Amino acid sequence: MVVHSAAERVLAGLDPEQRSAVTAPAGPVCILAGAGTGKTRAVTSRIAHRALTGDISARHVLAVTFTARAAAEMRSRLAVLGVPGVQARTFHAAALRQVRYFAPRLLEGRAMPELLDSKVRVVTLAAAKVGLRADRAAARDLAGEIEWAKSSLVEPGEYVVAAAKALRETPYEPAKVADVFAAYERLKRGNGVIDFEDMLRAAVWGIEEHADVAEQVRGQYRHLVVDEYQDVNPLQQRLLDAWLGGRDDLTVVGDASQTIYSFTGATSSYLVDFPRRYRGATVVRLVRDYRSTPQVVGLANAVISQARGAEARLRLELHGQRPPGPEPELRIFTDEPAEANAVAARCRALIDGGTPAREIAVLFRTNAQSEAYEKVLTEAAVPYVVQGAERFFERPEVRQAMIALRAATRSIPGETPLPTAVVEGLAAVGWAPDAPPAGGAARERWEALAALVQLAEEYAATPEVVPIGEAVAIERPVTLGDFNEELARRAAQQHVPTVEGVTLASLHSAKGLEWDAVFLVGLAEGTLPTTYAKTPEQVEEERRLLYVGITRAREWLWLSYAAARSPGGRARRPSRFLPQLDRSGGGERAGAGAARRTERRRTQVVSCRVCGATLLAGADRKLGRCPTCPSDLDEELYGRLHEWRQRVAGAQKVPAYVVFTDATLTALAERKPGRTEELIAIAGIGPRKLGLYGDTVLALVAGAGVDEVCPQKSFEI
């Protein structure tokens, strides 16, 4: 009774689709989960429900995903649901654990090879061996090609043909890359080291070639769960098949519309083909979006509805579940510096209005775009953090801080409250809680150490429970030594704390994250889609990148592009994926249509007089500013204009808006034209209305009273 009651509690609050996923029978289950639809809740609830009803044992479950953060989140949720003991790990962590466990048996007593944490150094040496002088950037590109090849199960001798078939943009002539690849493999073997792909291959080899290992692994892991299944590469799928050994108790979760890592070897084909591979599989679609407002969801649907190709067969139309929010904003700027400055100004305004900096993100297509935004945010005194540029625990200031905190255990009394001890320990590296720099790199360093203090406060709020008998336990306050151990554990798993600052991130590194306010910048042809996207499949992946970016926003979304890279530069077109500019469908013809419409607009471009953005909506064009930019309305003038309009409309027996709309009155009261040229520049005032009302309006703006320009008696019948 207690068990079934706990299982019923797991189902409480689930929507009908989530409940279907949770209660699906044992066997192959495919959960197609759109962005923000609660996939982690669904998959952890499925594991918990099966365990609590006795269908499975938690210790026989292996749940794999792609980041240590996602794995930690799964373990945490399962513990809350009353099902600890499930092994939730990344593919690499699961493989490493198994290889280390079976190493004495597989290696016949030999020591396990050291694991490379980065290929770059060995790749640089390999390049030199074959006559290439590769700088760090070139070595990273070569390392990426080697990772793609190994993840795709391609050997050095097969690389040239495989790269040609995959239309790879190689950093050097393909035969040279193949030579570097072969030299890299020889250097690794000669130095007794392995890389992450070798480790996955070793796990596969251990199972496929050793029946006793296969029996033990499959006996331990009888029920498998794979998160983000659209991101699996051929090597990971080979390992998954080895774990399964022909069994089919497999639950996969994925979204084909978020397939954005094909350049690494990831492919959504396993997700797309799942129902064909497993006949009779249960397929559940999660489409209720709990993350974003209906306005954001509507834009995401509009973008992905034009998708083509294999992934498009599984696209989901999301249904927003949150209350309505503001419409996404589309901004066009004259050049990239104007765009960056406007973004910085709006970030500053959002923060001043109460939005935490950590809940704001600026997302772009390439990491090279980050520098311009780092500069303008620094000038605007806006703190920021660059996502994915450098691992948190590898940053010099963080490493120095951890050394200082370990040293502080010898000088700070053990009874000192943990947050106080951490602040005192960080004083050794020059950090002070009341002295944040104004912005830029210095502010970024300060915020990184501030994140350690915040983490200490959170950690101190959960005292350690120490058992002292069979039924008795006491709470022990956590110490600085405990906190240092926690930091070491987090560093090993790259489980980073939240840093206070606006996030600057590429669209690729933003996947899996979300913010209250998101800026999507640089949405121009040649940037998104990139010029490197030449095939239909590559273009579609660029579309999915924009879709991923849109679905990161909870409430407020800004999309922008610059008509030129630099002041006076060559004009360029907006991204073909933007439905606001292109409603005729995807592809080259639609892009050309968008260009023609842009050309027609050039004779009547209206820019926001506050931030400089090009105004598209009719009401905004009349106002001469964006609806969210600050207003400088002259209330007294607006009142006189309003009264005058009422009198004129009454005399003419027409609705007031026929004389002038509210938007035109607002524009007049804000812009206060003093000459005919300024008056006619306001959208909505053409030659006819200028002739009818021009002199009167100019007189009112100059200070005339309503009775002066149209005495009440003149309207009496």
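Quantities reported herein were computed from a predicted structural model and do not represent experimental measurements.
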Query raised in the report: Aromatic rings H508 and Y261: how do their planes relate, parallel, tilted or perpendicular, breaks at 30° and 60°?
Result: tilted
Query raised in the report: Are Y561 and I332 close enough that some pair of their side-chain heavy atoms sits under 4.5 Å apart?
Result: yes
Query raised in the report: Which distance, rounded to the nearest 0.5 Å, do you find between the CG of L523 and the CD of E339?
Result: 7.5 Å
Query raised in the report: Side-chain contact, heavy-atom cut-off 4.5 Å: V296 with T551?
Result: no
Query - R168, CZ: over 12 other non-hydrogen atoms inside 6.0 angstrom - result: yes
Query - Distance-minimising heavy-atom pair for W515 and A361 - result: CD2-CB, 3.3 Å
Query - Test item: S257 and L316 side chains (from C-beta on) under 4.5 Å apart, heavy atoms - result: no
Query raised in the report: Do Q237 and Y229 have side-chain atoms, one donor and one acceptor, less than 3.5 Å apart?
Result: yes
Query raised in the report: Hey, is the main chain of P356 close enough, under 3.5 Å, to the side chain of E359 for a donor-acceptor pair?
Result: no
Report summary line: Nearest heavy-atom approach of V362 to C347 is CG2-SG, 4.3 Å
Query raised in the report: Sequence neighbours excluded, which residues qualify as salt bridge (Lys or Arg N to Asp or Glu O under 4.0 Å) partners of R288?
Result: E17
Query raised in the report: Taking the side chain from R315 and the backbone from Q306, do they hold a donor-acceptor pair closer than 3.5 Å?
Result: no
Requested in this report: Would you check if V297 and H319 make a side-chain contact, meaning some heavy-atom pair closer than 4.5 Å?
Outcome: no
Requested in this report: Ignoring hydrogens and angles, state whether a donor on the side chain of S370 or E374 is under 3.5 Å from an acceptor on the partner side chain.
Outcome: yes
Query raised in the report: Of all heavy-atom pairs between V382 and A344, which one has the smallest distance, and what is that distance?
Result: CG2-O, 4.4 Å
Report summary line: Value for CG (L14) from OG (S45), rounded to nearest 0.5 Å, stands at 5.0 Å
Query raised in the report: Atom OG1 in T259, atom NZ in K511: separation rounded to 0.5 Å?
Result: 8.0 Å
Query raised in the report: Under 4.5 Å between any side-chain heavy atoms of Y270 and L240, yes or no?
Result: no
Report task. Please answer whether the main-chain N or O of L528 pairs with a side-chain N or O of R365 as donor and acceptor at a distance below 3.5 Å. Result -> no
Report task. With sequence neighbours excluded, tell me which residues meet salt bridge (Lys or Arg N to Asp or Glu O under 4.0 Å) with D248. Result -> none
Query raised in the report: Hey, does T503 have a side-chain heavy atom less than 4.5 Å from the side chain of R358?
Result: no
Query raised in the report: Can you check whether Q538 reaches E169 side chain to side chain, under 4.5 Å on heavy atoms?
Result: no
Query raised in the report: Hey, what do you get for CZ (F577) to CG (L559), rounding to the nearest 0.5 Å?
Result: 13.5 Å
Query raised in the report: Does the R291 side chain pair with the main chain of E514, one donor and one acceptor, at a distance under 3.5 Å?
Result: no
Query raised in the report: Is E540 reaching over with its side chain to a backbone N or O of E537, donor-acceptor style, under 3.5 angstrom?
Result: no
Requested in this report: Could you grab the distance from atom CZ of F66 to atom CD of Q230, nearest 0.5 Å is fine?
Outcome: 7.5 Å
Requested in this report: Check for a donor-acceptor pair, side chain of Q236 on one end and backbone N or O of N233 on the other, with a separation under 3.5 Å.
Outcome: yes
Query raised in the report: How far apart are the closest heavy atoms of L286 and T37, and which atoms are they?
Result: O-CG2, 3.4 Å
Requested in this report: Side-chain contact test, heavy atoms from C-beta onward, threshold under 4.5 Å: evaluate it for E555 versus R322 and give yes or no.
Outcome: yes
Query - Under 3.5 Å: donor-acceptor pair, side chain of T67, backbone of A70 - result: yes
**Report entry** Y290, OH atom: more than 12 neighbouring heavy atoms under 6.0 Å
**Finding:** yes
Report summary line: Value for SG (C30) from CZ (R285), rounded to nearest 0.5 Å, stands at 8.0 Å
Query raised in the report: How are the rings of F333 and W558 set to each other: parallel, tilted or perpendicular (split at 30° and 60°)?
Result: parallel
Query - N-O pairing of E311 and R543 below 4.0 Å - result: no
Query - Whether T530 side chain and T527 backbone form a donor-acceptor pair below 3.5 Å - result: no
Query raised in the report: Counting distance only, does the side-chain N/O of T282 pair as donor-acceptor with the main-chain N or O of V29 below 3.5 Å?
Result: no
Query raised in the report: Can K39 and E228 be counted as an ion pair, charged N to O under 4.0 angstrom?
Result: yes
Query raised in the report: Would you say the side-chain atoms of R552 pair up with the backbone N or O of V548, donor to acceptor, closer than 3.5 Å?
Result: yes
Query - Sub-6.0 Å ring centroid separation between F519 and W556 - result: yes
Requested in this report: Please lay out, stage by stage, how E525 and R576 fare under the test salt bridge (Lys or Arg N to Asp or Glu O under 4.0 Å).
Outcome: CA-CA 7 Å; E525 287 289 311; R576 71 192 73 176; 2.7 Å; yes
Requested in this report: Verify the distance criterion only: is there a donor paired with an acceptor across the side chains of R77 and T40 at less than 3.5 Å?
Outcome: no
